[in-house]
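Right, one structure below, let's go through it.
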Amino acid sequence: MRERLMMKLMEAQGFVSGARMSLDLGISRGAVWKHIQVLRQEGFAIAASPRKGYRLLDVPDVLYAAVVNPLLTGGFGKPYHYRHSLTSTNDTAKALAHSGAPEGTVVVAEEQTGGRGRRGRFWHSPPGGLWFSLILRPKTPPAEINSLSLVLSLAAAEGLEQLPGISPSLKWPNDLLLGGRKVGGILTEISAEADQVHYAVAGIGINANFTSFPPEIEQTATSLQAHSGGAVCRPRLLSALLTALEDNYRRWCEKGFPPFRAAYKERFGLLGKTVSAATPTGTLNGLVRDVDGDGNLILTLRNGEEMRLSTGEITVRGEEH
Ligand code: BTN
């Protein structure tokens, strides 16, 4: 109900009377007043005039549907599921996808109590971050999903770049870095048969408006706020990210990774570096040569052999990321 009331306030160009809202929402004028009080406590600036009613002056940095929906430009984010706290937005999105939720569905939480990173790692997800998952239904075999993750991380970098002073680089396969520190990442999970993906859930985590980290990632992580010195408007950022994600996703569905290869390589900080790559079959050490047209990482090993990796965890020798 509060979301519907917020929507009314956002839609109104100026004042909207308590009587109008009470009629439209089917609640008493007293109940309208109570909801207005709660919204004020949550940070909404709402003017009240005995004769004219209520007028929304400013919205807080909260990812409510009523705040984000008017900012959305395309189909991603519809439907939009907002929760204050979830174990993991990916888990909720997977359950929704399993029960038939359409492509473009987004699940957002202000905080995650069991946020997950790649390779089963815990993902620090306090309030102030941007934690969301997107349901996709690409008509592709599962092997193509690695390059989809690359394309989505490129979209996330492009979305973030709209913020002043922010220009992320990408660490293969899909870490977003600022000044060499991790500012965000993508965890893509799928349900599939051998030759067909049923659905993919792309979980995107951006360290936005917070500046302290647990000791184990203190040296390697950063946030938009820590990097630029100011808080970002998360609803606008989410809308910019969803627009960029949708554009890249649609193009990837038509043409695959090749049209993105040059842009990915421009942001790619690993070319020419000596790295260790933890792969499902063991660790490889080598020199990063390129990213191929399928999004694979090309390494030259010490014995001169060339390897193409479709997945893995890269550590630049002498650095820990
Ligand atoms: C990584 O770099 O290891 C991937 C991190 C992905 C984190 C996001 S936050 C939203 C979604 N829900 C999760 O539990 N994980 C992803």
Side-chain angles (χ1 to χ4, degrees), residues 63 68 76-77 80-98 101 105-136 145-146 148-157 159-160 168-178 180-191 199-210 213-214 216-217 219-224 234 237-238 241-242 245 267-270 277-280 295 297 311-316 319-321:
L63 297 162
V68 173
F76 279 16
Y80 181 90
H81 296 265
Y82 168 84
R83 295 286 178 276
H84 178 74
S85 179
L86 283 175
T87 310
S88 154
T89 55
N90 264 34
D91 292 349
T92 304
K94 282 196 284 182
L96 285 167
H98 191 70
T105 301
V106 163
V107 178
V108 182
E110 296 288 347
E111 66 169 354
Q112 300 182 114
T113 51
R116 292 183 288 110
R118 293 175 63 239
R119 302 170 79 83
R121 292 202 190 104
F122 178 73
W123 182 261
H124 179 57
S125 320
L130 192 49
W131 323 123
F132 67 101
S133 300
L134 174 63
I135 296 177
L136 300 170
I145 295 298
N146 288 331
L148 171 61
S149 285
L150 264 55
V151 164
L152 296 180
S153 65
L154 179 61
L160 288 177
S169 61
L170 294 170
K171 180 172 156 232
W172 187 90
N174 41 42
D175 286 354
L176 294 144
L177 306 184
L178 280 177
R181 288 171 176 243
K182 187 152 166 169
V183 71
I186 299 192
L187 173 67
T188 309
E189 298 180 287
I190 57 169
S191 159
Y199 63 79
V201 165
I204 295 149
I206 307 289
N207 300 335
N209 296 339
F210 59 92
F213 296 90
E216 56 279 18
I217 56 169
Q219 301 301 320
T220 55
T222 188
S223 68
L224 298 174
R234 290 178 310 142
L237 178 59
L238 177 57
L241 289 172
L242 290 174
L245 289 164
R267 293 184 185 272
F268 178 60
L270 293 178
T279 76
L297 188 73
T311 183
E313 184 74 9
I314 303 297
T315 309
V316 179
E319 289 178 30
E320 282 287 320
H321 285 301

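Index from 1, following the sequence. We count ligands from 1, going down the list as the structure has it; atoms in each ligand are counted the same way.
Side-chain contact between Thr311 and Pro280 is present, with heavy atoms from C-beta onward closer than 4.5 Å. In this structure, Leu187 and Asn174 have side chains that are not in contact, with every pair of non-hydrogen atoms separated by 4.5 Å or more. Annotation: side chain of Leu150 is in contact with side chain of Trp172 (closest heavy-atom distance under 4.5 Å). No side-chain heavy atom of Leu63 sits under 4.5 Å from any side-chain heavy atom of Trp131. With a 4.5 Å cut-off on side-chain heavy atoms, Ile206 and Arg234 do not count as touching. Side chains of Thr220 and Arg181 form no contact here, defined as non-hydrogen atoms less than 4.5 Å apart.
With hydrogens left out, the protein atom closest to atom 9 (S) of ligand 1 is Gln112 NE2, 3.4 Å, a heavy atom.
Listed by number with element, the atoms of ligand 1 under 4.0 angstrom from any heavy atom of Thr89 are 10 (C), 11 (C), 12 (N). Listed by atom number, the atoms of ligand 1 under 4.0 Å from Gly203 heavy atoms are 6 (C), 8 (C), 11 (C), 16 (C). Taking every non-hydrogen atom of Arg118 and a distance limit under 4.0 Å, the qualifying atoms of ligand 1 come out as 1 (C), 3 (O), 4 (C). With ligand atoms numbered from 1 in the order given, ligand 1 contributes 1 (C), 2 (O), 3 (O) to contacts under 4.0 Å with heavy atoms of Lys182. Heavy-atom contacts of Phe132 reach the following atoms of ligand 1: 10 (C) (cutoff under 4.0 Å). Those atoms of ligand 1 with a heavy atom of Asp175 less than 4.0 angstrom away are 2 (O).
Assignment of Gly115 to the shell around ligand 1 is supported, since a heavy atom sits closer than 4.0 Å. At a 4.0 Å cut-off, not a single heavy atom of Arg121 sits close enough to ligand 1 to count as contact. Residue contact annotation: Arg119 has no non-hydrogen atom under 4.0 Å from ligand 1.
Neither the backbone nor the side chain of Asn174 comes within 4.0 Å of ligand 1, counting heavy atoms alone.
Polar contact check, Ser88 against ligand 1: a nitrogen or oxygen pair lies under 3.5 Å apart. The shortest N or O to N or O distance between Trp123 and ligand 1 is not under 3.5 Å.
For the pair Ala200 and Thr188, the tightest heavy-atom approach, listed with the atom from each and the gap, is CB-CG2, 4.5 Å.
We find that Glu313 and Arg121 are joined by a salt bridge, their nearest charged nitrogen and carboxylate oxygen being less than 4.0 Å apart.
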Would Leu245 and Phe132 count as a side chain to side chain contact (heavy atoms under 4.5 Å, CB included) here? Give the steps. CA-CA 12 Å; Leu245 289 164; Phe132 67 101; 3.9 Å; yes
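Across the listed options His124, Lys171, Arg116, Arg116 owns the non-hydrogen atom lying nearest to atom 14 (O) of ligand 1.
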